[in-house]
Amino acid sequence: MRVGLAASQLRRLEAARAAVAAVREADLPAGDRAWWWFLQGELADLARAGEFARANEFYRRAEEAAPNDLARARFQLAA
């Protein structure tokens with residue numbers, strides 16, 4: 001998942017998509033689940049069609065799962 005976050009920041013979308021697809025939310029530690037949702041939101045944001053409503057739903061789920069206030073604020077800013 002962290003590889004996917006880094007790839008997303010570098011705009012290597014195929015690598016980011018592959019990384020997120022290789023991980024199941026249920027297999028992640030609780031503190032990482034929010035970042036998995038955030039990555040899904042970023043990928044939706046960066047999609048050619050700009051899936052903003054879908055992205056915001058992912059960001060909302062990330063915010064709900066945020067392990068701390070700093071992460072929560074990051075997810076709110078993304079939305």
Side-chain angles (χ1 to χ4, degrees):
M1 186 209 40
R2 286 177 177 78
V3 169
L5 288 165
S8 174
Q9 290 300 304
L10 295 170
R11 300 301 189 249
R12 295 180 53 215
L13 301 184
E14 290 307 315
R17 284 186 191 103
V20 80
V23 177
R24 288 178 356 139
E25 177 198 10
D27 294 339
L28 293 170
D32 286 347
R33 290 181 185 149
W35 291 102
W36 186 82
W37 288 113
F38 173 75
L39 178 55
Q40 300 246 19
E42 278 202 327
L43 291 173
D45 256 348
L46 296 170
R48 288 182 190 214
E51 302 174 22
F52 301 117
R54 187 168 178 240
N56 283 336
E57 178 60 22
F58 287 131
Y59 292 143
R60 183 191 63 73
R61 292 188 76 171
E63 185 179 342
E64 289 175 355
N68 56 54
D69 289 339
L70 183 59
R72 188 172 295 106
R74 174 66 180 101
F75 304 147
Q76 288 171 344
L77 286 172

Sequence neighbours left out, what pairs pass ring pair (Phe, Tyr, Trp, His ring centres under 6.0 Å) with at least one residue falling in residues 6-28?
-> none
Connected-component partners of L70 among ILVMFWY, side-chain separation under 4.5 Å | none
Residue list, side-chain contact (heavy atoms from CB on, under 4.5 Å) with E64, at least two apart or on another chain | R60
By side-chain contact (heavy atoms from CB on, under 4.5 Å) - contacts of A78 (at least two apart) = F38, Y59, R74
Where A55 and D45 come nearest, the two heavy atoms and their spacing = CB-OD1, 3.4 Å
Residue list, side-chain contact (heavy atoms from CB on, under 4.5 Å) with A71, at least two apart or on another chain | W35, A66, P67, N68, F75
Which side-chain N or O atoms in residues 10-18 pair as donor and acceptor under 3.5 Å with protein atoms at least two apart or in another chain?
| residue | atom | partner | partner atom | Å |
| --- | --- | --- | --- | --- |
| R11 | NH1 | S8 | O | 3.1 |
| E14 | OE2 | R17 | NH1 | 2.8 |

When hydrophobic residues are tied together by side-chain contacts of less than 4.5 Å, even through go-betweens, does V3 share a cluster with V20?
-> no
Would you please name every residue forming a side-chain contact (heavy atoms from CB on, under 4.5 Å) with D32, sequence neighbours left out?
-> M1, R2, L28, P29
W36: ring-ring contact (aromatic ring centres under 6.0 Å, His included) partners, not counting sequence neighbours | none
Any side-chain heavy atom of Q9 sitting closer than 4.5 Å to one from E42?
-> yes
Restricting to pairs with a member in residues 18-30, which pass salt bridge (Lys or Arg N to Asp or Glu O under 4.0 Å), not counting sequence neighbours?
-> R24-D27
Spacing of CZ belonging to R61 relative to CZ belonging to F58, to within rounding of 0.5 Å | 8.0 Å
